[in-house]
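Down below is the structure, laid out as structure tokens.
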Amino acid sequence: LLDFPEEDIDVIHENKISERLGLIAERLRALTQSARQGSLLREGIRVVLIGQPNVGKSSLLNRLAGQDIAIVTSVAGTTRDAIRETIHIEGVPIHVIDTAGLRDTEDEVELIGIARTWQAVTEANVALLLVDSKQGVTEVEAAIIAKLPRELPIFTVHNKIDLTMETPGVSAQNIYISARTGAGLPDLRKALLDAAGWRAEGGGLFMARARHLESLRIAKGHLEAATRLTGQALELLAEELRLAQCALSSITGEFSADDLLGEIFSRFCIGK
């Protein structure tokens with residue numbers, strides 16, 4: 001620690017510290033929101049289509065992609081492996097994964113496809129559980145939902161409303177569509193963007209990567225700790241601010257105070 005007692009140092013009062021920390025916290029919140037938006041534009045989200053066979057998962061993938069990506073037949077179990085396609089909604093990449101239908105089977109190949117379905121679920125940001133609107137949510141769908149990760153956002157997509165004459169739209173976590181006619185698809189696209197946290201306003205977006213978001217999260221934690229220390233030991237408050245600076249410097253590549261001192265002492269021989 002280098003002390004320069006002959007220099008005049010302004011004392012910052014407690015209320016001024018709180019005010020400055022509040023301003024920094026607000027700027028960090030705005031930066032984090034911009035970074036999340038930028039991360040979405042760069043990396044997108046992974047959406048997995050799950051459900052029983054013949055509920056329209058492959059038809060929905062084809063409708064979203066605007067072309068025939070997956071084979072669609074009336075034969076249950078046609079899709080044996082995960083099929084991935086990237087679409088764009090409002091510029092956001094949406095990586096859609098069509099999966100094998102979930103059902104009890106003794107078919108060895110189909111069992112491999114079902115195992116890959118559950119693997120795709122673990123990698124997804126959002127799950128679309130497709131159900132036949134004529135049947136609704138049955139005990140089979142309830143069992144599927146029970147096996148899904150609790151933290152995974154889930155939408156129940158009631159498909160084939162062109163046969164039941166239901167109105168397309170969104171009700172809570174339920175979305176009513178027809179993959180055959182395209183009815184309700186705008187509502188589905190909007191629900192996916194909302195689940196991703198996308199906001200239309202996006203001037204000056206920070207095209208962040210996952211590690212940038214993690215650094216911002218760490219900086220936010222240290223800033224909150226510093227705020228709690230206001231009026232207490234200032235050296236602890238200063239340490240939290242230093243750690244927040246280090247987290248942000250990992251994004252910008254700027255020197256921290258320690259980096260600067262290291263650079264200085266690497267060029268001079270002191271004490272000899």
Side-chain angles (χ1 to χ4, degrees), residues 36-73 76-103 110 112-133 137 141 144-145 147-149 151-162 168-170 173-200 210:
R36 287 191 181 124
Q37 300 286 68
S39 179
L40 282 174
L41 279 177
R42 175 190 289 276
E43 301 177 2
I45 61 170
R46 295 179 297 278
V47 178
V48 63
L49 309 180
I50 58 175
Q52 296 191 63
N54 278 358
V55 292
K57 298 185 297 298
S58 297
S59 296
L60 178 56
L61 173 63
N62 291 343
R63 173 64 67 172
L64 290 171
Q67 56 183 314
D68 291 338
I69 302 296
I71 298 174
V72 177
T73 74
T78 298
T79 301
R80 297 294 187 97
D81 201 355
I83 301 174
R84 303 168 188 266
E85 180 67 15
T86 298
I87 64 173
H88 289 81
I89 304 175
E90 297 290 342
V92 178
I94 309 291
H95 310 293
V96 185
I97 308 165
D98 181 22
T99 63
L102 298 172
R103 66 171 179 174
E110 196 172 352
I112 294 173
I114 291 173
R116 292 183 178 179
T117 294
W118 288 113
Q119 177 60 38
V121 167
T122 65
E123 301 169 355
N125 302 113
V126 179
L128 299 183
L129 173 62
L130 269 75
V131 303
D132 190 323
S133 61
V137 177
E141 281 77 25
I144 292 173
I145 292 173
K147 292 181 64 177
L148 295 174
E151 67 278 6
L152 180 66
I154 306 165
F155 291 96
T156 302
V157 180
H158 300 256
N159 190 27
K160 305 181 183 181
I161 62 171
D162 54 301
V170 179
Q173 295 298 103
N174 296 278
I175 306 174
Y176 297 84
I177 71 162
S178 169
R180 188 178 71 82
T181 68
L185 265 292
D187 297 304
L188 174 59
R189 293 187 179 98
K190 182 179 184 302
L192 289 176
L193 289 179
D194 290 344
W198 172 253
R199 298 293 179 269

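To the nearest 0.5 Å, atom CD1 of residue Ile94 and atom CG of residue Leu64 are 9.5 Å apart. Rounded to the nearest 0.5 Å, atoms CG (Leu130) and CD (Gln52) are 11.0 Å apart. In this structure, CD1 on Ile97 lies 7.0 Å from CZ on Arg46, to the nearest 0.5 angstrom. Lys190 contributes atom NZ, which lies 10.5 Å from atom CD1 of Ile175 (distance to the nearest 0.5 angstrom). Rounded to the nearest 0.5 angstrom, Ile177 CD1 and Arg189 CZ are separated by 10.0 Å. From Thr117, atom OG1 reaches atom CD of Gln119 across 10.5 Å, with rounding to the nearest 0.5 Å.
In plain terms, the two heavy atoms of Asn159 and Gly56 that are nearest each other are ND2-CA, 3.5 Å. The two residues Leu49 and Lys57 have their closest heavy-atom pair at CD1-O, 3.4 Å. Closest heavy-atom contact between Leu152 and Ala127: CD2-CB, 3.6 Å. Closest of all the heavy-atom pairs between Thr86 and Pro93 is CG2-CB, 4.2 Å. Considering every non-hydrogen atom in both Ser178 and Leu185, the closest pair reads O-CD2, 3.9 Å.
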message = Between Ile89 and Leu193, is the side-chain contact (heavy atoms from CB on, under 4.5 Å) condition met? List the steps.
response = CA-CA 8 Å; Ile89 304 175; Leu193 289 179; 3.5 Å; yes
Verdict with reasoning, Thr99 to Val48, per side-chain contact (heavy atoms from CB on, under 4.5 Å) = CA-CA 7 Å; Thr99 63; Val48 63; 3.6 Å; yes
task = Tell me, with the steps shown, if Ile144 and Ile50 meet side-chain contact (heavy atoms from CB on, under 4.5 Å).
result = CA-CA 9 Å; Ile144 292 173; Ile50 58 175; 4.0 Å; yes
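Using modelled atom types and a 3.5 Å distance limit, the side chains of Thr181 and Asp162 yield no donor-acceptor pair.
Checked by atom type and distance alone, the side chain of Ser133 pairs as donor or acceptor with a backbone atom of Lys160 at under 3.5 Å.
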